[in-house]
Amino acid sequence: MKSLDFRSDTVTRPTAGMRRAMAEAVVGDDVYGEDPSVNALEAAVAERLGKEAAVFFPSGTMANQACLNLHTRPGDLILGTDGCHILRYEAGAAAAISGAQIQTLGTGGIFGVEELEPAIQPGDLHRPATRLLAIENTHNSAGGIVFPLAIQKAVCDLAQGAGLALHLDGARIWNAAVASGVALDALAAPFDTVSVCLSKGLGAPVGSVVAARAEHSDPLRRIRKRLGGAMRQAGVIAAGGLYALDHHIDRLADDHANARRLGEGLAALGFEIEGEPQTNMVMFPVSDPKRFLEQTRALGVWINPIDARRFRAVTHLDLDASDVEDALERLAECRP
Ligand SMILES: Cc1ncc(COP(=O)(O)O)c(C=O)c1O
């Protein structure tokens, strides 16, 4: 029985075309700035996101944390979204590496000016200095939702006016652009730094990139070196990312359609789906998580819990529409 792996869009394996591009990559020593494939990837990401510069990183976590380190000093406060990756899933790095603390705002991955305004407290010496606003788009733990553009503009304007730096965790910004029809550079426009992942929906095996203003490029490279993330002939992996930019963005619409179909099918089986999927994630609670996990694994359908009661099914490059139908047939056996 074929395993159908809905645990994450990180489980994809490079396609034959991507492997060929990686095998044939022209490389050099990237710590000397001499890897043509890395340089091409950085230029391509900077251009797509409308930024002056970009820096290649081994992972999304390192990319995010390098940005937090760039923008903050020990004791500073970062304002983030409810359930944000930088707080919940990065092993305490903001505290451990940058000595910064994170306060979350709003619910379901979104907050507005009414939550942001009172959270910024300049000048009170009892309070940490509020230094950075960080948004996540799409938002992972909220179920792949897109941060609404009008709200983003309002909160970013307010934060900028208060002198805060702005960071976007855009690990899945590609999904946000395809789902909303808003261009990548428009989604990225207000932010000083934007981290994007190549190894999620885009299907590359490794890699993230931070797009930023030119003045941030060297400081980010220094922080990357300090974190141990400066790589040598990294063009081999950068070539996979370049291939993904050219071939795997538009097809995310298929993943989104597959997620909607999965959501409809699960709802028809009696599962309580949390809203219509906006991108490639379907979220639903189950009454007996342990039993559901065991049953689904036995059926060869791999879905992971995201917290104590909720499960998250993610569609991606290695699952097509017929896999979704196959999964729904199998899941009929564990309907609630
Ligand atoms: C929103 C978000 N940001 C950052 C990351 C971190 O990426 P990585 O696993 O490459 O460290 C992830 C990973 O799932 C993510 O979902």
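Just so you know, these numbers come straight off a predicted model, no measurement behind them. The analysis underlying the following values was restricted to heavy atoms, covering all of them including side chains, and did not include hydrogens, waters or symmetry mates. Every number for a ligand or one of its atoms is a count from 1 in the order of the listing.
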For [atom], closest protein heavy-atom neighbour:
atom	value
atom 3 (N) of ligand 1	Asp169 OD2, 2.7 Å
atom 9 (O) of ligand 1	Lys200 NZ, 3.8 Å
atom 15 (C) of ligand 1	His85 CD2, 3.1 Å

Under 3.5 Å between some N or O of ligand 1 and some N or O of Ser199? no
Short N/O distance, under 3.5 Å, between Asn140 and ligand 1? yes
Closer than 4.0 Å to some heavy atom of [X] - which atoms of ligand 1 meet that?
X	value
Ser59	10 (O), 11 (O)
Glu90	4 (C)
Asn64	3 (N), 4 (C)

Between [X] and [Y] (salt bridge meaning N to carboxylate O under 4.0 Å), is one present in this structure?
X	Y	result
Asp307	Arg310	yes
Arg261	Asp326	no
Glu136	Arg172	no
Glu264	Arg260	no
Arg251	Asp255	yes

Residue part near ligand 1, for [X], under 4.0 Å between non-hydrogen atoms:
X	value
Glu136	side chain
Ala171	side chain
Arg172	side chain

Return the option from Gly83, Gly170, Gly60 holding the heavy atom at the smallest distance from atom 10 (O) of ligand 1. Gly60
Heavy atom to atom 11 (O) of ligand 1, shortest distance: which of Thr10, Thr61, Ile86 holds it? Thr61
Test item: side-chain donor near acceptor, [X] and [Y], under 3.5 Å:
X	Y	result
Asn280	His316	no
Ser322	Asp320	yes
His216	Thr193	no
Asp82	His139	no

